[in-house]
Amino acid sequence: MLAFAWTWDDSSSKPTGSLSARLAASLCSGIGDSAASAEFDGLHFAYRPLRPNPGLTRSWRPALLPGDRVAAFHGYFDNAREIAAQLDADATDLARLYGMAVLQWGDDADQRILGEYCAIIVEPNSRTLRLSRSPFRAPPLHYYHDAHLAAASSVPRALFTAGVVQRLNEVRVADSALINFSDAESTWFEGINRVPVGSVVELQRGLPRKMRVYYDLNALPDVRMDSDADYIARANELLDEGVRACQAGFKTPGVALSGGLDSPQVAVRTLNALPDGQRLPTFTFHPEKGYDGRVDRGMSGDERAFVEAFTMMHPRLEPHFTANEGYGHDHRWNEFFHLMGGAPSHLCNMYVYHGLFAAARDRGCDLLLLAEWGNCTFSDKGDWGFVEYFLKGRWRQLWLALSRHPHDDRSILRRFVAKSLVPLLPNSLWKPLMRLWHPKERLLIDMASPLSRQYRAASGTDRRMKKAGLVLERYQPRDRRHAQRLYFQNCESETAEVYQAFEQMYGVPQRDPMAYRPFVEFCYGLPVELFMRDGTMRWLAKEMARGLMPEEQRINWLNGRWDSDWHLRIGRRRTEYLDELDRIAKDERLAAMLDIPRLRAALENFPAQTELDKQKYFDVELAVPRGLLTARFINYVEGSNQV
């Protein structure tokens with residue numbers, strides 16, 4: 001992680017030289033943790049490596065560049081040798097290499113560089129600060145500036161150390177509770193902003209911030225090849241390349257493994273890149289003992305059997321399983337509040353990762369590989385095919401797509417209307433049509449959010465949601481580009497901050513080979529028939545999986561059900577949560593913000609078994625934890641002991 005502070009005037013408030021050391025201390029998160037510091041004529045830097053490494057910490061320094069510029073870099077540089085060769089520079093000094101690339105190419109440097117990173121370049125002579133983050137995935141980078149101070153850090157707590165006043169941003173709190181993260185620059189504290197991925201922010205004394213988006217995911221070119229074999233070969237080549245890039249510099253990787261299509265491919269490719277004879281640990285979460293096995297139609301509540309069959313095919317895989325025994329949705333929230341400086345609403349669903357990271361740490365892994373970008377790259381369902389095949393008159397493909405779905409009981413005509421015609425409607429017509437067709441059903445956002453309708457209206461939360469164009473209930477893409485916009489309409493949802501917190505807790509870095517930029521760009525240019533063909537969704541991923549996994553797993557239509565044992569985990573703490581809601585209700589501010597009666601009713605009418613009707617269980621599985629999260633974070637920041 002990085003931290004930087006610069007008092008860029010000659011006021012009496014100029015900090016002492018000890019600020020660098022205090023910034024370093026603020027980056028540390030536990031016993032044995034350490035961070036480096038450096039100071040250059042009033043420029044204060046601190047750095048904490050991605051994984052505990054005392055030697056690397058002691059030797060760290062920002063890079064001094066021509067023109068008295070200083071550069072700091074945090075993250076991964078996947079094509080360092082290539083960039084270094086073009087610049088005749090040292091490929092091992094990443095901060096200097098990044099700074100030289102920016103001096104040579106400007107913002108185009110970030111187009112050329114592959115990796116996951118954030119970076120800071122300071123130009124003292126012009127009183128200018130350049131902040132940047134890589135596209136897709138990148139460590140967080142927050143910043144503050146006024147007439148006296150410019151500061152930037154991977155975590156807000158370092159900014160407070162630099163002198164920034166900590167004031168809760170209730171707009172962000174409310175938007176998160178309504179699952180609206182469309183403002184990529186907003187943070188949980190007033191006056192502090194964040195650099196969006198694929199962007200550069202420039203701060204200059206006396207001027208407003210300037211932001212440039214240097215990477216546009218929606219501007220990628222189409223990819224066309226001569227044959228299916230060519231597409232599959234190129235996808236395999238790029239995914240292998242991504243796995244090798246993510247493994248570089250690590251000796252003992254592990255893989256978070258599910259029973260689906262994506263992570264098993266990462267596991268096999270990682271195994272192939274390891275030295276002969278080295279085993280690859282894999283880590284899988286599954287429901288706790290006592291789970292009743294009930295699951296939504298089209299879903300799988302426990303993927304352990306698939307994982308066990310898969311690992312038997314590959315004897316060098318070393319499977320580890322965790323049920324996250326005893327954990328609740330609120331596991332270690334207070335630590336997240338400190339480590340993240342935030343409480344995004346999806347934190348309620350991230351408890352399953354504790355078992356994975358803890359097991360990887362205990363096994364001695366120095367890297368945990370994920371596969372979360374698979375669903376939006378090579379393993380996309382190709383849902384836009386229903387519209388595209390209709391508009392282009394590809395009737396056979398449309399018929400097969402409509403007729404071969406095993407979990408849709410509607411007539412072909414109703415499927416056609418719902419999947420090929422309704423997606424063409426604008427939101428202004430879609431919403432009243434849904435209310436007409438389903439007059440008794442509540443919208444997802446009204447069930448999943450803990451906010452009261454009165455607060456949503458009075459605080460402007462609903463208005464901001466509408467202005468952002470967010471309709472979370474509706475994923476009905478009309479074409480590939482529209483699918484990309486819908487998928488990323490909520491920006492990162494602060495996933496980078498969540499994973500950075502896990503890395504601080506467990507000391508194990510994480511990466512996702514399926515977010516490797518050449519692989520993403522290739523997949524995002526592919527035609528629809530690579531994803532939905534002859535009624536088969538995820539066609540490309542299934543073709544690439546031939547021979548890598550049991551056939552039953554490869555052709556499986558079921559999706560993994562995240563949090564399938566919610567009934568067990570929430571049920572055993574129902575009384576505790578009711579008591580907490582009663583305490584929240586005594587706080588006038590929180591009682592006005594949260595729909596306490598609805599949250600209480602969800603717990604009081606707790607089902608006897610896992611409920612499968614979303615209209616009944618969304619309140620208790622989603623809204624209750626989000627309500628508790630919202631209240632606890634507000635009280636944490638403001639120092640209240642009410643809850």
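Since this is a predicted model, take the numbers as computed values, not measurements.
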Exercise for the section: Without swapping roles, check the side chain of Arg157 against the backbone of Ser26 for a donor-acceptor pair under 3.5 Å. Expected result: yes
Problem - Centroid-centroid under 6.0 Å between Tyr636 and Trp333 rings - result: no
Exercise for the section: Measure the acute angle between the ring planes of Trp188 and Phe633, then classify it against the limits of 30° and 60° as parallel, tilted or perpendicular. Expected result: perpendicular
Handout entry: Test item: side-chain donor near acceptor, Arg269 and Gln247, under 3.5 Å
Key = no
Completion exercise
Nearest heavy-atom contact between Ala496 and Ala138 is CB-O, 3.3 Å
Practice task
State, with a plain yes or no, whether a side-chain heavy atom of Phe378 is found less than 4.5 Å away from one of Asp380.
Solution key: no
Practice task
Indicate yes or no for a side-chain donor-acceptor contact from Ser199 to the backbone of Val195 under 3.5 Å, with no hydrogens or angles considered.
Solution key: no
Handout entry: Arg205 side-chain N/O to Ala150 backbone N/O, donor-acceptor pair under 3.5 Å
Key = no
Exercise for the section: Mark yes or no for whether Ser134, through its side chain, and Arg137, through its backbone, hold a donor-acceptor pair below 3.5 Å. Expected result: yes
Handout entry: Derivation of the side-chain contact (heavy atoms from CB on, under 4.5 Å) call for Arg224 and Tyr231
Key = CA-CA 8 Å; Arg224 297 295 180 265; Tyr231 284 119; 3.9 Å; yes
Problem - Heavy-atom side-chain contact between Asn180 and Thr461 under 4.5 Å - result: no
Fill in the blank from the handout: Looking only at heavy atoms, the pair that brings Leu217 and Arg481 closest together is O-NH1, 4.5 Å
Fill in the blank from the handout: On a heavy-atom basis, the closest approach of Gly99 and Leu65 is CA-CD1, 3.6 Å
Handout entry: Side-chain donor/acceptor of Ser20 to backbone N/O of His44, under 3.5 Å
Key = no
Handout entry: Atom of Gly67, atom of Asn125 and distance for their closest heavy-atom approach
Key = O-ND2, 3.5 Å
Practice task
Indicate yes or no: at least one non-hydrogen side-chain atom of Arg632 is less than 4.5 angstrom from one of Phe337.
Solution key: yes
Problem - Check ion pair Arg130-Asp110 (N to O, under 4.0 angstrom) - result: yes
Practice task
Look up atom OG in Ser126 and atom CZ in Arg69, then write down how far apart they are to the nearest 0.5 Å.
Solution key: 7.5 Å
Handout entry: N/O donor-acceptor pair under 3.5 Å between Trp8 side chain and Pro124 backbone
Key = no
Practice task
Would you check, one step at a time, whether the test side-chain contact (heavy atoms from CB on, under 4.5 Å) holds for Leu370 with Arg511?
Solution key: CA-CA 6 Å; Leu370 310 176; Arg511 293 202 70 183; over 6 Å; no
Handout entry: Flag, side chain of Glu202 to backbone of Thr128, donor-acceptor distance under 3.5 Å
Key = no
Practice task
Provide the closest heavy-atom pair for Ala235 versus Met544 in the form atom of the first, atom of the second, distance.
Solution key: CB-SD, 3.7 Å
Fill in the blank from the handout: d(Phe519 CZ, Arg234 CZ) to nearest 0.5 Å is 11.0 Å
Exercise for the section: May I ask you to decide if the ring planes of His354 and Phe336 are parallel, tilted or perpendicular, using 30° and 60° as cut-offs? Expected result: perpendicular
Practice task
Decide yes or no for Phe181 and Asp175: does some side-chain heavy atom of the first lie under 4.5 Å from some side-chain heavy atom of the second?
Solution key: no
Please output the side-chain donor-acceptor pairs of residues 83-93 that fall under 3.5 Å, not counting sequence neighbours, one pair per line with the distance.
from, atom 1, to, atom 2, distance (Å)
Gln86, OE1, Arg112, NH1, 3.4
Asp90, OD1, Thr92, N, 2.9
Asp90, OD1, Thr92, OG1, 2.8
Asp90, OD2, Thr92, OG1, 3.0
Asp93, OD1, Arg96, N, 3.3

Practice task
Verify, without hydrogens or angle tests, whether Ser153 (side chain) and Leu2 (backbone) share a donor-acceptor contact under 3.5 angstrom.
Solution key: yes
Handout entry: Separation of Arg626 CZ from Cys348 SG (nearest 0.5 Å)
Key = 5.0 Å
Handout entry: Distance, nearest 0.5 Å, that separates OH of Tyr516 from CD of Glu116
Key = 11.5 Å
Exercise for the section: Determine the interplanar angle of the Tyr506 and Phe502 rings, folded into 0 to 90°, and report it as parallel if under 30°, tilted if 30 to 60°, perpendicular if over 60°. Expected result: parallel
Exercise for the section: Could you tell me whether the side chain of Met350 reaches within less than 4.5 Å of the side chain of His346, counting heavy atoms only? Expected result: yes
Practice task
Measure the CG-CD1 distance between Leu178 and Ile445 for me, rounded to the nearest 0.5 Å.
Solution key: 4.0 Å
Problem - Result of checking Glu185, Glu492, Glu494 against Arg194 for salt bridge (Lys or Arg N to Asp or Glu O under 4.0 Å) - result: Glu492
Exercise for the section: Verify, without hydrogens or angle tests, whether Gln111 (side chain) and Asp107 (backbone) share a donor-acceptor contact under 3.5 angstrom. Expected result: no
Exercise for the section: Report yes if some heavy atom in the side chain of Leu239 is under 4.5 Å from a heavy atom in the side chain of Met514; otherwise report no. Expected result: yes
Problem - Tyr144-Phe189 aromatic ring centre distance below 6.0 Å - result: no
Exercise for the section: Can you see which heavy atom on Ser176 is nearest to which on Pro344, and at what distance? Expected result: OG-CA, 3.4 Å
Problem - Working for side-chain contact (heavy atoms from CB on, under 4.5 Å), residues Trp6 and Arg127 - result: CA-CA 10 Å; Trp6 181 17; Arg127 291 290 196 272; 3.6 Å; yes
Exercise for the section: Check whether any side-chain heavy atom of His145 sits under 4.5 Å from a side-chain heavy atom of Leu129, and report yes or no. Expected result: no
Practice task
Measure the acute angle between the ring planes of Phe45 and Phe40, then classify it against the limits of 30° and 60° as parallel, tilted or perpendicular.
Solution key: perpendicular
Handout entry: Lys/Arg cation over aromatic Tyr143: Arg209, 6.0 Å, 45° cone
Key = no
Practice task
With the side chain counted from C-beta on, respond yes when Lys251 and Leu367 share a heavy-atom pair under 4.5 Å apart, and no when they do not.
Solution key: no
Problem - Rounded distance (nearest 0.5 Å) linking atom CZ of Phe4 with atom CG of Leu141 - result: 11.5 Å
Problem - Check: Thr252 side chain, Asp366 main-chain N or O, donor-acceptor pair, under 3.5 Å - result: no
Problem - Stepwise side-chain contact (heavy atoms from CB on, under 4.5 Å) check, Ile121 with Tyr98 - result: CA-CA 9 Å; Ile121 297 180; Tyr98 179 82; 3.9 Å; yes
